[in-house]
Each structure stands twice: as structure tokens, then as C-alpha cells.
Amino acid sequence: MNKISNMKKAIGVFRSYGIPLSGKQKSANFYKELHMDKVYVDGLIFELELELNKILEEEKIALLETPSELLQELLAA
């Protein structure tokens with residue numbers, strides 16, 4: 001049940017940034033297809049970490065380019 005709760009929280013954060021997690025949007029590149037600046041992506045990651053009470057390693061953050069990759073990394077046990 002905790003995973004479902006975390007997923008709902010994450011969906012809410014993505015929605016606040018205008019990123020729906022359905023269809024092609026979930027696998028769209030933050031920079032090329034969603035046209036986000038690095039500052040906004042970093043803010044999104046920060047808010048997700050805060051909301052889900054998790055910290056991602058800087059090396060992993062640098063490799064994340066899509067919402068689905070980010071979600072998978074945050075929700076991994």
C-alpha cells in the first residue's frame with residue numbers, strides 16, 4: 001500500500017509541473033521533448049525527493065532524462 005501512496009504523491013508533483021504520466025509524455029525527454037530547463041528538472045527532482053522522503057545519488061540524477069526513468073528510480077525499493 002505504501003508504494004501506491006508514493007505513486008499518488010509522485011503523480012501529484014508531476015501534475016504540478018504540467019507533466020501527465022500517460023501516453024508518450026511518460027517517456028518524453030525532459031530537455032528535448034518537454035522543453036524543460038535543467039533548473040526546473042532539478043526542482044522537480046527535489047520536490048519528488050522531499051515528497052517521497054528519498055534521496056537520489058547525484059550520479060544517478062545526471063542520467064535521468066524521462067519521467068518514467070525518474071519514477072522508476074524513486075519508487076525502487
Side-chain angles (χ1 to χ4, degrees):
M1 180 136 170
N2 192 22
K3 192 169 186 173
I4 293 171
S5 173
N6 285 343
M7 184 64 129
K8 287 181 180 181
K9 291 177 186 178
I11 289 171
V13 173
F14 275 104
R15 281 188 184 157
S16 72
Y17 276 77
I19 304 171
L21 294 177
S22 59
K24 292 183 179 184
Q25 295 282 4
K26 66 182 172 200
S27 60
N29 185 290
F30 287 124
Y31 309 103
K32 296 176 185 170
E33 295 166 315
L34 297 175
H35 308 289
M36 294 178 72
D37 289 333
K38 175 124 176 72
V39 173
Y40 291 109
V41 175
D42 288 343
L44 171 65
I45 293 170
F46 175 77
E47 284 191 43
L48 286 165
E49 287 176 328
L50 188 64
E51 190 69 32
L52 300 176
N53 199 23
K54 292 197 174 191
I55 304 289
L56 296 176
E57 298 174 18
E58 290 295 323
E59 297 82 30
K60 290 183 179 181
I61 290 174
L63 300 174
L64 300 173
E65 293 187 344
T66 67
S68 60
E69 290 173 356
L70 178 55
L71 259 179
Q72 185 177 6
E73 192 64 41
L74 282 167
L75 298 177

Student: Taking only residues two or more places apart in sequence or in another chain, which ones pass side-chain contact (heavy atoms from CB on, under 4.5 Å) with Glu57?
Tutor: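 Glu57: side-chain contact (heavy atoms from CB on, under 4.5 Å) contacts with Glu59, Lys60.
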Student: Show, in sequence, the C-alpha distance, side-chain angles and deciding distance for Lys54 and Leu48, and conclude whether the side chain to side chain contact (heavy atoms under 4.5 Å, CB included) test is met.
Tutor: CA-CA 8 Å; Lys54 292 197 174 191; Leu48 286 165; over 6 Å; no
Student: Specify the closest pair of heavy atoms between Pro67 and Phe14, including all atoms of both residues, with the distance to one decimal.
Tutor: CB-CE2, 3.7 Å
Student: Quick check for you: to the nearest 0.5 Å, what is the distance between Ile55 atom CD1 and Leu74 atom CG?
Tutor: 10.0 Å
Student: For Glu33, which residues count as a side-chain contact (heavy atoms from CB on, under 4.5 Å) partner, sequence neighbours excluded?
Tutor: Ala28, Asn29
Student: With sequence neighbours excluded, tell me which residues meet side chain to side chain donor-acceptor pair (under 3.5 Å) with Ser27.
Tutor: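 Here no residue qualifies.
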Student: Would you name the heavy atoms of Leu56 and Glu73 that are closest together and state the gap between them?
Tutor: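 Distance-wise, the nearest heavy atoms are CD2-CG, 3.6 Å.
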Student: Sequence neighbours left out, what passes side-chain contact (heavy atoms from CB on, under 4.5 Å) with Ile11? Give chain and number order.
Tutor: Met7, Arg15, Leu21
Student: Just grab all the side chain to side chain donor-acceptor pair (under 3.5 Å) pairs involving residues 35-51, residues at least two apart or on different chains.
Tutor: Tyr17-Glu47, Lys38-Asp42
Student: Closest approach of Ile19 and Met36, non-hydrogen atoms and distance?
Tutor: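 For Ile19 and Met36, the tightest heavy-atom pair comes out as CD1-SD, 3.7 Å.
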Student: Partners of Phe46 by side-chain contact (heavy atoms from CB on, under 4.5 Å), sequence neighbours excluded?
Tutor: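 side-chain contact (heavy atoms from CB on, under 4.5 Å) check on Phe46 returns Leu50.
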Student: So which atom in Phe30 and which in Leu70 form the shortest heavy-atom distance, rounded to 0.1 Å?
Tutor: CZ-CD2, 4.1 Å
Student: With a 6.0 Å cut-off (strictly less than), is the heavy-atom count around NZ of Lys9, excluding the residue itself, greater than 12?
Tutor: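 Yes.
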